[in-house]
Each structure stands twice: as C-alpha cells, then as structure tokens.
Peer 1: 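Got a structure for you, questions after.
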Amino acid sequence: MKKIANLFIFIILAVLALLICFPVLFAVTGGFSAQWELEKNLAAILGNADGLADWSILPKAPTLEPLIHLLMDSPQYFVMFWNSLKISLLILVGQLVFGMPAAWSLARFVFPGKRIISAIYLVLMLMPFQVLMLPEYLVLNDMGILDTHAAVIAPAVFSTFPVFIMQRFFRSVPEAILEAARIDGAGNFQIFLRIGIPLGAPGIVCSAILGFLESWNMIEQPMTFIKTKSLWPLSLFLPEISLSDAGLGFAAALMMLIPALLLFLSGQEYLEQGIAAAAVKE
Amino acid sequence: MWGICFLLPDLLGVICFALLPFAQVVIRSFQGAVNHKWVGFDNYKAVFQNAAFRMAAGNTLRFTAICIPLLVALSLVLAVTLQHLRLGKDLLKSAFLIPVAVPAASVVLVWKVLFHSNGLINGLVLKLGGEKIPWMTSGAAFFVLVISYLWKNLGYDMILWMAGLAGIPTEIYEAAKVDGAGEWKCFTKITLPNLKTSLYTISVLSFLNSFKVFREAWLVAGDYPHQSMYLLQHLYNNWFRDLSFDRIAAAAVLNALVVLALIFLLKRAWDAEE
C-alpha cells in the first residue's frame, strides 16, 4: 500500500518537474531547429497561416545551422556576448576583492558600530532595484560614468549580498584554529589569507555562483544606465529579436542559456547552500 | 582596529554608491524637480494622487497577495513530499531548481510562443474544450505574471523550506513515533510548529523576489504592457524617461519604508524565537 502511494507521489512530482523543465527544453530544441522548421511551426503566430502554433519536442531536422550562422556571421551578437561576459566577470572579481575582507571582518572581529553596520548591510541586501535606481543614477551621473560598463559594474561590486553569504560561512571557521595560528605568530592578514579563505572556500564559491547568475541575468540596471546599444549585454539584445527571426533568436538564447546551465550543473550543491544561507537565522 | 581595516574598502563603496545617494534622494523627495525648491510633502501627495501610481501599486499588491501564499504553500508541500521520497529525489530536486539559474532573457521567445493567442497554451486549452484566452491583451496578462513568478521561484523556496526542515532534530520525530503518532500527526504537531520562523523568513524573501517579476513582464510585453500587469517598476521607468525625479524620489522613499517595515517584522520574529 505504502509503495503504491509512494509511486503515485513520484509520478505526480515527475509530471510537475517535466512541466517546469519544459520551457528550458523548448529553448534548447529551438536553438537546434532550422529557420524553415521554426517558421512552419510558428506560422500561426507570425500571421502566415490560420490555426495554432505547433512544436515538436525534438526538431524534425536538427541542425547546427542557426548556431553556426550566429557564431560566424553576426559580429553584432559577438559584441553583446562579450559585453555580458565582461560585465559579469568584472563584477565577480570586484565582489570577491572587496567582499571577502568585509565578510571576514563582520564574521570574526568586534569593533564599535559593527551591529549597526551589519544591520545596514542586511537592509541593503534586501532592497529591490526600484528603490536604488534613482540613488545609483544620481551618483553615476555625478561621477560622469553613465552609459559606460562601469555604470553597471561599480554598484554591483558593492552589493552587500556576497558579504552576507560569505560572512555566514566565515563564522563557522573554528576559533581554536585561529588561536593556534596567532600563537604561532601569524598576523591578522596572514590568518585571513592562509586560514580564512581556504576554510571559507565553500561560502566564497556559493557567493560567486549566485553573484555570477545574478549579473549574467541583469536587465534593469543596463536598461537604465546604458543607452548606447553597442554596450548592451545579451539580456537586453535578446528581446529585440522578433519571432520572424526565430532561428537567430533561439540560437542566441541558447548561447545565453548554456553558461548558466553549465554553472548550475557543476555547482548545484553550492547554489543550494547559498540559497539556504539566507533562510537559517544566525 | 584590524576589523575596521578589513571592512573599510567595501564600506566606503557601500557609502558612496548606496547610502549617500539614498540620503540625497530622501532630501530630493521634498524638493521640486527643476529648481530644487523646498516643497514639503507635495511630491508625496502627487504620487498618491497619480492614477498610474495607484494602478501600479494596486497591481503589485494584488500580485503579492495572490502569489506569495500560493508559492509558500506549494513549495512547502513540495519540500515535505520530496523529503519523504526515496525514488529519484535528487533528480527531481534539480529539475525544480533549474529555473533559478535560467536567465529570463533566454526564455523570452519561449514565453512569447507559449502565451501568444495562437500559441501553444491556447492549443492545449482548445484541445481540452475551452476557448482561446487572449493572454497578453486582457486581464489574463496578470496570470502570465503569476505563472512566471511561480515557475521561477518554486525551486528556490523549496530549498529554503528544506533548510528549515533539516533544522528540526530527528529525535523529536523518533520520540513521537514511539508514542504511536502517525505521519499526519507528526506533520501538524511537530513539523509545522517548528517551521514558524522559516515561514516568516520565506514569506519576506518571496515578497522581495516578487519585485523581480518585472523582468519577465518587461521581456514579454515591453514598456507599456496590458494594464493588469503594469507594475511599479514600469511606472518608475516611465517617470525616469520623463525625468520626473521628484516623483521617483518620493516613490522610492515610500517603497523603502515598506521594505524596512517588513525587515523589522522579520527581525522581531527572529528575536521572539530566542
């Protein structure tokens, strides 16, 4: 009886899981479909035929043609891909360079004003972009870096989210190890580099994965701060492709999806830990 | 002393890119847009009297009132059932979590094909004997948002619940089983009461994530979507284009106050637990 109930639950969950994965599978098949097949399937949407759009789970004639076309003959696309990569990687490096020591400080030191600073970091982490949009715009304008990549990178580097995540993990480094290092004459900076960073590595990886996915997916910030199209990341370029250019659109979407999916598959465990770090109270 | 040295570089950045400019925005919310003359609460009044603001705030409120209970309940059921499952647990967990990693822009074409009035979902609706639903051009647009939000956040919230569930000591369950308590009784008498703090945390985090659904809305429907999916972020963007900084300033301050109040409630809930 219990076995049957279990199987039944499994089937329901599996169907739900398939439904949830469907848009992703859809995007992947689209990326391997030829323009003519997409046009045929989507004829009803493009206004070329009556009836309804169609879709096959596997393309009838799978092809790499749109992908090759995209990679070989669309320099414009390459610029956007490179913009996305550059922005995301620079944000990542900045978040680690500034965030790691800050997280170490909040996790392991006692100093006046620490409680209030921690509280401010938490509040800023939870503020949505719509609150910070105008403040960021004003300061970027004063600095004269609007409409450059720096306008998107600089505020994201000082996002307090990575600090919060890493701090959680730095806190679990046993005090005894630090004490032993101190007795051996290690300085504060050495302890941070030689003990804090290696032992807090899982937290750093969590923060890096969540941070990269966030900036790879960034839409509101470049939309508000970057006007020049050649500076746009992929996330702004993709919606510009209409369905009549579906072959190119699906191929470009696939190229945006692949890095995110690879990161997900290789770092899922860290992603989960990073998400959970926000839920368990200190 | 060393603590401050480690913190300072990041703190300076935070002050420069967030705290100081936000203080400036608070001041500007009491000033005119062009001449920076002191106008008291006029901007706030203008915001509240603005029809577009009321519509956007109403939509945002309606959206959260429907989505958050739905998401929180669904993800709890999912987390609990998944935890009891022996078969294919990890595979299913990954499947539910994938949307967290999927960039919104990479599925925008999929969304367009799904929700077009001649699209795939309407194909299914027709097959089931229903009538075509004009998803993007009627009040149904609101449900496109709801579906997008649930799709994106279900796995995320499931992980949060699982973290909460993992925090309940197994001894309690064992003791209850010895006393003859069944599965359902264990769930209502042990699991649910122990998840109270998680419930607060997850609700607040879900609320904050609900602001991000603007992405999906903007991607499928652009700057001026059907009015049932017109959100605060759309309004701010449009005000931004008109350079109505006075209004955005006042609206941003109001928005910050709402978020602050929620964080305060969350903190109270955490402290009460101790």
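Since the model is a prediction, treat every value here as computed from it, not as a measurement. First the proteins, then the strands, lettered A, B, ... as listed; each starts at 1.
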Peer 1: Tell me, side chain or backbone of K89(B) under 4.5 Å from chain A's heavy atoms, or both, or neither?
Peer 2: neither
Peer 1: Could you tell me which portion of I20(A) (side chain, backbone, both or neither) has an atom closer than 4.5 angstrom to a non-hydrogen atom of chain B?
Peer 2: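 Both the backbone and the side chain of I20(A) come within 4.5 Å of chain B.
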Peer 1: Which bit of F237(A) is near chain B, if near means a heavy-atom gap under 4.5 Å: side chain, backbone, both or neither?
Peer 2: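 For F237(A), there is no contact with chain B at all, as no heavy atom is under 4.5 Å.
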Peer 1: Check whether Y236(B) gets within reach of chain A through its side chain, its backbone, both or neither, counting any heavy atom under 4.5 Å.
Peer 2: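 Both backbone and side chain.
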Peer 1: Taking all non-hydrogen atoms of both residues into account, name the closest pair between G99(A) and D10(B) and its distance.
Peer 2: N-OD1, 4.1 Å
Peer 1: Under a 4.5 Å heavy-atom cut-off, does chain B meet the side chain of M100(A), its backbone, both or neither?
Peer 2: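 Contact with chain B involves no heavy atom of M100(A) at all.
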Peer 1: Can you say whether F10(A) sits under 4.5 Å from chain B via the side chain, the backbone, both, or neither, judging by heavy atoms?
Peer 2: both
Peer 1: Is I241(A) in contact with chain B via its backbone, its side chain, both, or neither, using a 4.5 Å heavy-atom distance?
Peer 2: backbone
Peer 1: So what's closer than 4.5 Å to chain B heavy atoms on F250(A): side chain, backbone, both or neither?
Peer 2: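 Both backbone and side chain.
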Peer 1: Would you mind checking which part of M223(A) comes under 4.5 Å of any heavy atom in chain B, side chain (CB onward), backbone (N, CA, C, O), both or neither?
Peer 2: side chain
Peer 1: Below 4.5 Å from any heavy atom of chain B, which atoms of I117(A) appear? Answer side chain, backbone, both or neither.
Peer 2: side chain
Peer 1: Using non-hydrogen atoms only, which part of L42(A) is less than 4.5 Å away from chain B: side chain, backbone, both, or neither?
Peer 2: side chain
Peer 1: Roughly how far, to the nearest 0.5 Å, is CD1 of I263(B) from CE of M125(A)?
Peer 2: 8.5 Å
Peer 1: For K152(B), which atoms come within 4.5 Å of any heavy atom of chain A: side chain, backbone, both, or neither?
Peer 2: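 Just the side chain, heavy atoms under 4.5 Å.
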Peer 1: Over all heavy atoms of both residues, which pair between A260(A) and P103(B) is shortest? Give the atoms and the distance, please.
Peer 2: CB-CD, 3.7 Å
Peer 1: Tell me, for L106(A) versus chain B, whether the close heavy atoms (under 4.5 Å) come from the side chain, the backbone, both or neither.
Peer 2: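 Looking at L106(A), just its side chain touches chain B.
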Peer 1: Taking the ring of F211(B) and the ring of F129(A), is the distance between their centroids below 6.0 Å?
Peer 2: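 Centroid separation for F129(A) and F211(B): 6.0 Å or greater.
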Peer 1: Heavy-atom pairs under 4.5 Å with chain B - which of L213(A), L19(A), L138(A), N188(A) has more of them than the others?
Peer 2: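 Most pairs with chain B among the choices: N188(A).
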Peer 1: At a 4.5 Å cut-off on heavy atoms, which part of L78(B) comes close to chain A: side chain, backbone, both, or neither?
Peer 2: side chain
Peer 1: If you tally heavy-atom pairs under 4.5 Å against chain B, which of I9(A), I120(A), L134(A), I209(A) wins?
Peer 2: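 Answer, by heavy-atom pair count under 4.5 Å with chain B: L134(A).
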Peer 1: Please identify, among V26(B), L262(B), N122(B), L11(B), the residue contributing the most non-hydrogen atom pairs under 4.5 Å to chain A.
Peer 2: L11(B)
Peer 1: With a 4.5 Å heavy-atom cut-off, do L124(A) and F22(B) have their side chains touching?
Peer 2: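 Result no, sub-4.5 Å side-chain heavy-atom pair not found.
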Peer 1: Relative to chain B, which segment of L271(A) carries a heavy atom at a distance below 4.5 Å: side chain, backbone, both, or neither?
Peer 2: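 Just the side chain, heavy atoms under 4.5 Å.
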Peer 1: Select one option (side chain, backbone, both, neither) describing which atoms of V107(B) are under 4.5 Å from chain A's heavy atoms.
Peer 2: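 Contact with chain A involves the side chain of V107(B) alone.
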Peer 1: Can you tell which of A95(B), A252(B), G13(B) has the highest number of heavy-atom pairs within less than 4.5 Å of chain A?
Peer 2: G13(B)
Peer 1: Assess whether a salt bridge exists between K212(B) and E220(A), defined as any Lys/Arg side-chain N lying under 4.0 Å from an Asp/Glu carboxylate O.
Peer 2: no
Peer 1: Between S94(B) and chain A, which part of the residue has a heavy atom less than 4.5 Å away: side chain, backbone, both or neither?
Peer 2: both
Peer 1: Closest heavy-atom contact between F109(A) and G3(B)?
Peer 2: CG-CA, 3.4 Å
Peer 1: Heavy-atom distances under 4.5 Å only: say whether L257(A) touches chain B with side chain, backbone, both or neither.
Peer 2: both
Peer 1: For the CG atom of L266(B) and the CG atom of L122(A), what is their distance to the nearest 0.5 Å?
Peer 2: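 One gets 8.0 Å once the value is rounded to the nearest 0.5 Å.
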Peer 1: Please flag which part of V163(A) lies under 4.5 Å from any non-hydrogen atom of chain B: side chain, backbone, both or neither.
Peer 2: side chain
Peer 1: Set out, in order, the CA-CA distance, both residues' side-chain angles and the distance that settles side-chain contact (heavy atoms from CB on, under 4.5 Å) for L7(B) and W104(A), then state yes or no.
Peer 2: CA-CA 8 Å; L7(B) 181 64; W104(A) 182 246; over 6 Å; no
Peer 1: Please report the shortest heavy-atom distance between P128(A) and V259(B), naming the atom on each side.
Peer 2: CD-CG2, 3.9 Å
Peer 1: Name the member of V220(B), V110(B), L19(B) that forms the most heavy-atom pairs with chain A at distances under 4.5 Å.
Peer 2: V110(B)
Peer 1: Is it the case that over 12 heavy atoms from other parts of the model lie below 6.0 angstrom from the CD1 atom of I116(A)?
Peer 2: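 No, CD1 of I116(A) has 12 or fewer neighbouring heavy atoms, counting only those of other groups under 6.0 Å.
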Peer 1: With a 4.5 angstrom heavy-atom cut-off, could you sort out which part of W161(B) is near chain A: side chain, backbone, both or neither?
Peer 2: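 No part of it gets close to chain A.
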Peer 1: Need one label for S159(A): side chain, backbone, both or neither, based on atoms under 4.5 Å from any heavy atom in chain B.
Peer 2: neither
Peer 1: Please give me the minimum heavy-atom distance between L120(B) and F26(A), naming the atom from each residue.
Peer 2: CD1-CE1, 3.2 Å
Peer 1: F158(A) vs F17(B) aromatic rings, parallel, tilted or perpendicular, using cut-offs 30° and 60°?
Peer 2: parallel
Peer 1: How many angstroms lie between CG in L97(B) and CD in E272(A), if you round to the nearest 0.5 Å?
Peer 2: 5.5 Å
Peer 1: Between chain A and each of V108(B), I202(B), L160(B), count heavy-atom pairs under 4.5 Å; write down the option with the most.
Peer 2: L160(B)
Peer 1: Under the side-chain contact (heavy atoms from CB on, under 4.5 Å) rule, what do M133(A) and N237(B) come out as? Steps first, then yes or no, please.
Peer 2: CA-CA 9 Å; M133(A) 173 167 89; N237(B) 288 346; 3.7 Å; yes
Peer 1: Which heavy atom of F96(B) sits nearest a heavy atom of L13(A), and at what distance?
Peer 2: CZ-O, 3.6 Å
Peer 1: Which atoms of I4(B) are under 4.5 Å from chain A, going by heavy atoms: the side chain, the backbone, both sets, or neither?
Peer 2: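 Its backbone and side chain both get close to chain A.
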Peer 1: May I have the step-by-step check of side-chain contact (heavy atoms from CB on, under 4.5 Å) for V25(B) and Y137(A), ending in yes or no?
Peer 2: CA-CA 10 Å; V25(B) 165; Y137(A) 177 85; over 6 Å; no
Peer 1: Can you tell which of I248(B), L92(B), T81(B) has the highest number of heavy-atom pairs within less than 4.5 Å of chain A?
Peer 2: L92(B)
Peer 1: Out of K267(B), H84(B), R215(B), which one racks up the most heavy-atom pairs below 4.5 Å with chain A?
Peer 2: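 That would be R215(B).
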